[in-house]
Novice: 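Below: one structure in structure tokens.
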Amino acid sequence: MTVEISVIAPTLNERENVPRLIELLDAALAGRRWEVIFVDDNSTDGTQDQVMACAADDPRVRLIERVGRRGLSSACIEGFLSSSAEHVAVIDADLQHDERVLPQMLDAFAKDPSLDIVVGSRFVEGGGLGDWGKLRIAASNFAKSLSYLVVPQKVTDPMSGFFMVRRTSFRNVVPNLSGRGFKILLDILCTAGKDFKMKELPYEFKTRQWGESKLNSTVMVEYVALLADKSFGKILPLRFIMFIMMGLVGAGVNVAILAVLYGGGMLGFMTSHIIGALAAMAVNFFLNNTFTYSDKKLTGLRLMSGMMLFYVLCSFGLFFNVLVAERVVDAAGSWVLAGFLGAVVGAVWNYATNTTLNWRA
Ligand code: GDD
Ligand code: MN
């Protein structure tokens with residue numbers, strides 16, 4: 001018998017929530033042909049074993065284990081792609097979403113065959129944020145207002161991670177998804193465009209009972225990167241944008257160190273600037289390793305050799321930068337143009353060589 005709905009539950013250290021979620025789905029989806037696909041990113045608390053144990057006595061429970069890869073959005077995409085059901089939903093495994101909305105979502109599809117997606121929303125009549133404090137609400141509202149710069153639909157909860165999509169509709173957008181970060185719904189809506197037919201249903205966000213949230217600063221940077229990718233990613237790749245963003249932070253570090261050492265009268269200009277530049281490159285390397293290449297993060301011995309290679313490659317970048325600037329200033333006489341073109345050539349060189357040689361895994 002064909003499965004009517006696959007529920008994708010991404011997990012990272014959610015061991016105790018797994019059996020509870022299965023029970024809740026069993027109750028909510030009674031009478032429907034459903035399955036749940038846990039997509040686990042090599043949890044350290046034994047979540048995989050817990051899912052396997054549940055799967056052993058329930059064929060509706062499946063597990064996708066990913067090793068050496070990370071990311072909520074990409075985990076959801078892999079889960080979706082492994083399903084053959086007509087409808088696929090995604091729900092947080094930590095029980096903060098409301099599984100009782102799933103049958104309502106299925107009914108919405110049954111009622112309107114032209115629907116592409118049904119979104120669980122905390123901001124329509126009947127929905128709510130639960131016990132969120134003022135600060136988290138303000139931060140979330142800010143992030144939401146940024147998303148309206150890129151989302152083409154009239155959606156009240158673009159940050160929601162709880163929704164159901166028609167599998168064939170989803171399949172059409174897959175090739176153009178960014179797949180980075182936490183916000184898979186935003187990614188889908190932006191990629192699909194305004195003709196993607198959407199409906200929202202209310203739900204109340206619940207309090208996490210077991211385990212910890214994975215929301216951290218990397219998630220926030222990835223969010224901004226996702227928005228950037230969805231606004232001008234067709235022209236410039238997301239990784240390049242992030243590489244440049246980290247480069248600008250590095251430039252700030254360079255100037256700050258120069259200000260302290262030279263401006264403070266401690267050292268001469270050249271010595272101060274060289275120390276500043278070397279420190280900026282180190283900061284750049286670690287920022288890129290954490291954010292730009294978060295999916296290919298270097299660790300251990302590769303972290304050390306990677307940093308040396310970064311210094312070598314970027315030194316060539318600097319050399320080409322100066323070479324181009326010198327030629328342009330001679331030929332065109334404009335130092336602004338010369339500086340800009342030199343920097344562009346250097347940045348493209350650094351980006352291209354580091355992407356192919358350094359963070360290549
Ligand atoms: N496979 C995998 N890989 N799963 C992950 C990863 C990852 O890198 N990061 C987080 N998860 C899983 C968690 O285990 C959990 O089941 C779910 O994704 C959500 O993660 P939380 O860390 O609990 O996120 P949250 O509560 O801050 O945010 C959730 O609520 C938002 C509403 O504000 C997310 O669902 C968002 O998508 C949602 O919009
Ligand atoms: Mn959560």
Side-chain angles (χ1 to χ4, degrees), residues 7-22 24-25 36-48 50-51 62-82 89-99 101 119-123 127-133 135-144 146-147 151 155-164 179-189 200 202-220 222-223 226 290 294-297:
V7 181
I8 314 301
T11 54
L12 195 58
N13 299 333
E14 305 286 0
R15 190 187 63 234
E16 298 300 317
N17 291 320
V18 166
R20 186 81 193 106
L21 179 65
I22 297 170
L24 292 173
L25 290 174
V36 56
I37 303 171
F38 290 91
V39 188
D40 189 78
D41 281 357
N42 207 9
S43 290
T44 50
D45 73 341
T47 301
Q48 318 81 323
Q50 180 70 270
V51 176
R62 290 172 51 197
L63 170 67
I64 296 178
E65 269 195 273
R66 307 199 308 166
V67 177
R69 271 176 299 162
R70 256 298 169 80
L72 179 48
S73 284
S74 64
C76 294
I77 295 170
E78 285 189 37
F80 281 155
L81 289 175
S82 80
V90 46
I91 193 164
D92 282 0
D94 60 2
L95 316 178
Q96 292 197 273
H97 292 157
D98 190 345
E99 73 293 336
V101 182
V119 175
S121 169
R122 297 160 292 172
F123 305 108
L129 287 169
D131 66 349
W132 282 27
L135 195 69
R136 182 148 190 211
I137 292 179
S140 171
N141 279 338
F142 175 67
K144 190 165 103 173
L146 286 182
S147 79
V151 180
V155 53
T156 64
D157 198 354
M159 319 285 284
S160 177
F162 181 37
F163 60 91
M164 189 183 294
R180 306 250 342 209
F182 243 49
K183 295 299 164 190
I184 178 66
L185 175 64
L186 201 71
D187 200 354
I188 292 175
L189 293 179
E200 290 186 287
Y203 81 96
E204 167 104 21
F205 204 74
K206 288 182 272 183
T207 310
R208 190 190 254 278
Q209 303 295 343
W210 191 92
E212 283 165 14
S213 169
K214 281 86 203 173
L215 186 87
N216 56 24
S217 57
T218 310
V219 168
M220 293 176 202
E222 292 247 335
Y223 177 65
L226 175 68
T290 310
S294 61
D295 54 336
K296 309 176 182 186
K297 203 175 267 181

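First listed ligand is number 1; within each ligand, the first listed atom is number 1. Residue numbers start at 1 and run along the sequence shown.
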Novice: Report the C-alpha distance between Arg122 and Thr156 in whole Å, list the side-chain angles of each, state the deciding distance to 0.1 Å, and finish with yes or no for side-chain contact (heavy atoms from CB on, under 4.5 Å).
Specialist: CA-CA 8 Å; Arg122 297 160 292 172; Thr156 64; over 6 Å; no

Novice: Considering the Mn ion (ligand 2), could you give the total of protein N/O/S atoms lying closer than 2.8 Å?
Specialist: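 N, O or S atoms of the protein closer than 2.8 Å: 2.
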
Novice: Any salt bridge linking Lys214 with Glu14? Criterion: basic side-chain nitrogen under 4.0 Å from a carboxylate oxygen.
Specialist: yes

Novice: Applying salt bridge (Lys or Arg N to Asp or Glu O under 4.0 Å), can you list everything that pairs with Asp98, at least two apart in sequence or on another chain?
Specialist: Arg100

Novice: Start with the C-alpha gap between Met159 and Asp157, add the side-chain angles, then the distance that decides, and say whether side-chain contact (heavy atoms from CB on, under 4.5 Å) holds.
Specialist: CA-CA 5 Å; Met159 319 285 284; Asp157 198 354; 4.2 Å; yes

Novice: Can you tell me which residue among Arg70, Arg66, Arg62 is in a salt bridge (charged side-chain N to carboxylate O under 4.0 Å, His left out) with Glu78?
Specialist: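 Of the listed residues Arg70, Arg66, Arg62, the salt bridge (charged side-chain N to carboxylate O under 4.0 Å, His left out) partner of Glu78 is Arg66.
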
Novice: Can you classify the ring geometry of His97 versus Phe162 as parallel (below 30°), tilted (30 to 60°) or perpendicular (above 60°)?
Specialist: parallel

Novice: State which residues pass salt bridge (Lys or Arg N to Asp or Glu O under 4.0 Å) with Asp40; sequence neighbours excluded, sorted by chain then number.
Specialist: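 Partners of Asp40 by the salt bridge (Lys or Arg N to Asp or Glu O under 4.0 Å) criterion come out as none, since no residue qualifies.
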
Novice: Collect the protein residues that have a non-hydrogen atom under 4.0 Å from ligand 1 and hand them over in chain and number order.
Specialist: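 Around ligand 1, where the cutoff is 4.0 Å for heavy atoms, the contacting residues are Pro10, Thr11, Leu12, Glu14, Val39, Asp41, Arg70, Gly71, Leu72, Ala75, Asp92, Ala93, Asp94, Gln96, His97, Arg122, Trp132, Arg136, Met159, Ser160, Gly161, Phe182, Lys183, Phe205, Arg208, Ser213, Lys214, Leu215.
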
Novice: For a quick test of reading the model, state the closest non-hydrogen atom pair linking Asn13 to Ser43 and the distance between them.
Specialist: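 Looking at all heavy atoms of both residues, the closest pair is N-OG, 2.7 Å.
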
Novice: Going through the distances and angles, do Ser73 and Asp187 end up as a side-chain hydrogen bond (donor to acceptor under 3.5 Å, both in side chains)?
Specialist: CA-CA 9 Å; Ser73 284; Asp187 200 354; 5.2 Å; no

